[in-house]
A.B. asks: 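Okay, handing you the structure first.
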Amino acid sequence: MATHFEIDDNFIAEQNKKAKAWVEEDYEHLGKQLSRRGRDIEGLTAKAQAFRVAVPSWGVGTGGTRFARFPGVGEPRGIFEKLEDCATINKLVRTTPGVSLHIPWDRPEDADTLVEFARARGLHFDAMNSNTFQDQAGQPHSYKYGSLTHPDAAVRRQAVEHNVECIELGQKLGSKAHTVWVGDGGNFAGQQHFRRALALYLDSMRDIYAALPSDWRLFIEHKFYEPAFYSTVINDWGVSYHCARELGPQAFCLVDLGHHAPNVNIEMIVARLIQFGKLAGFHFNDSKYGDDDLDAGSIKPFQLFLIFNELVDAELEGVENFAPAYMLDQSHNVTDPVESLMSSAVELSRAYVQAHLVDREALKAAQTNCDPLMALSTLKQAFTTDVSPILAVAREREGGAIDPVAAYRASGYRQRKAEERPAQMGAAASGIV
Ligand code: RM4
Ligand code: MN
Ligand code: MN
């Protein structure tokens, strides 16, 4: 492969010089402010440096709606170019070395070559994702009326085999988890027998579970609507929890923030799953109406903070086997996906550090003393603290950019990619992500 443009570490260091003076000043000021509150800024910066969230391979292409897709210039045309973009994101923010692959969109011709390519760019492979919500060319059976829950055993078998293939490929890639999201459901009342469909789902999932290596985890992803608009088989966290329990200790429940009805208390679902030892992790995004249509933290930052408040609470309490997997899963329709993913990764770090700022003693006291106002104020004190200097210093210490979007724009990366990657009609996997 010809040498492709990459953002150079020295370029990042040069860009950082521009911001250094104010960052140091703001960091020092925040450090003083936090020490008045009995908090050590260095400990928080170390937390920010250690934070990780995986990037979805499908997120670096422009998404779309069922109405249209407006492709950007220089879009990645295959898995290697997608990895180039993922590496760029990680280079600038330094929290995203994991990449989650969607099969068959990203099925490599040779797993070893892909591993080598990723490793050379400081990347590794996070959870695998199967796809039984679309038909692929040459596939014997259609998923139009379902996959793992289809009434025809041959269709279910094909869907199971595809999932097993994802696990086998993932083993070659160094992945340790497999995520199953199905589009199965009904568009008409009566179309699907609710109990029978769930029983078929469990049968199919048992076969997939059986193919799981002993050190792997199986993630069940629920979603309350779309592509089926009347009912879905794994519609909410309760059904997901039931299935995870039925399947066994390696099965867990994944929370995609966009997969809930408006106003649902997602942070409470998170707390429940932690308490029951079944939280798999997250697909982070934000949404006002639909699924993964907005960038993480872009419209409900307080909700994101409250979710992290539960996560950090469990982390500090040392809850047994607490190891949630973090991933972004969002569709970028009007922005450069690299910029959106970097910004979202930063928002997650922000919520994580802010959650570490919560005065847990004060919160507990407010709860014990039945003082709701003080409980909220305690949370708000953390949420309204601008931790940007901590995030900037953490990135810089890891070799990343103080201002990732500014550095990215200054590098001319997208323009260079537009030259390297002339548009190919129909090259992008789809517009539905
Ligand atoms: C779904 C779900 C899955 C993702 C697909 C592309 O809504 O979030 O995680 O794989 O979209
Ligand atoms: Mn998802
Ligand atoms: Mn989704």
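Numbers for residues simply follow the sequence, beginning at 1. Values reported hereafter were calculated over all heavy atoms of this structure, with side chains retained and with hydrogens, waters and symmetry mates removed. Note that ligands are numbered from 1 as they come in the structure, with each ligand's atoms numbered from 1 the same way.
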A.B. asks: Taking the six-membered ring where the residue is Trp, are the ring centres of Tyr225 and Tyr230 under 6.0 Å apart?
C.D. replies: no
A.B. asks: Which of the numbered atoms in ligand 1 are below 4.0 angstrom from a heavy atom of His259?
C.D. replies: 2 (C), 7 (O), 8 (O)
A.B. asks: Quick one: which ligand 1 atoms are inside 4.0 Å of a heavy atom on Asp256?
C.D. replies: 8 (O)
A.B. asks: May I ask you to list the atoms of ligand 1 that are less than 4.0 angstrom from any heavy atom of Asp292?
C.D. replies: 7 (O), 8 (O)
A.B. asks: Does Arg414 reach the main-chain N or O of Gly74 with its side chain, forming a donor-acceptor pair under 3.5 Å?
C.D. replies: yes
A.B. asks: Go through the steps for Phe302 and Phe383 under the test ring pair (Phe, Tyr, Trp, His ring centres under 6.0 Å), then give the verdict.
C.D. replies: CA-CA 7 Å; Phe302 191 50; Phe383 175 66; 4.9 Å; yes
A.B. asks: Hey, looking at atom 2 (C) of ligand 1, which of Lys223, Glu221, His102, Glu226 has the closest heavy atom?
C.D. replies: Glu221
A.B. asks: Is a side-chain donor-acceptor pair under 3.5 Å present for Ser340 with Thr335?
C.D. replies: yes
A.B. asks: Is Arg272 paired with Glu310 through a side-chain N to carboxylate O contact shorter than 4.0 Å?
C.D. replies: no
A.B. asks: Between Tyr241 and Lys278, is there a cation-pi geometry (under 6.0 Å to ring centre, at most 45° from the normal)?
C.D. replies: no
A.B. asks: Has ligand 1 got any nitrogen or oxygen that is less than 3.5 angstrom from a nitrogen or oxygen of Asn129?
C.D. replies: no
A.B. asks: Should the pair Arg121 and Phe117 be classed as cation-pi, given the thresholds of under 6.0 Å to the six-membered ring centre and 45° from the axis?
C.D. replies: yes
A.B. asks: Counting each atom of ligand 1 from 1 as listed, which ones have a heavy atom of His283 under 4.0 Å away?
C.D. replies: 9 (O)
A.B. asks: With heavy atoms only and a cut-off of under 4.0 Å, state how Thr179 meets ligand 1: side chain, backbone, both or neither.
C.D. replies: neither
A.B. asks: Could you verify whether a donor N or O on one side chain and an acceptor N or O on the other, from Asp106 and Ser57, lie under 3.5 Å apart?
C.D. replies: yes
A.B. asks: Output yes when the distance from some N or O of ligand 1 to some N or O of Asp291 is under 3.5 Å, and no in every other case.
C.D. replies: yes
A.B. asks: So, at under 2.8 Å, which protein N, O or S atoms would a careful student list around the Mn ion (ligand 2)?
C.D. replies: Glu221 OE2, Asp256 OD2, His283 ND1, Asp329 OD2
A.B. asks: Under 30°, 30 to 60°, or over 60°: which ring-plane class applies to His260 and His222, parallel, tilted or perpendicular?
C.D. replies: perpendicular
A.B. asks: Using distance alone, with no hydrogens and no angle criterion, decide if Asp291 and His259 have a side-chain donor and acceptor under 3.5 Å apart.
C.D. replies: yes
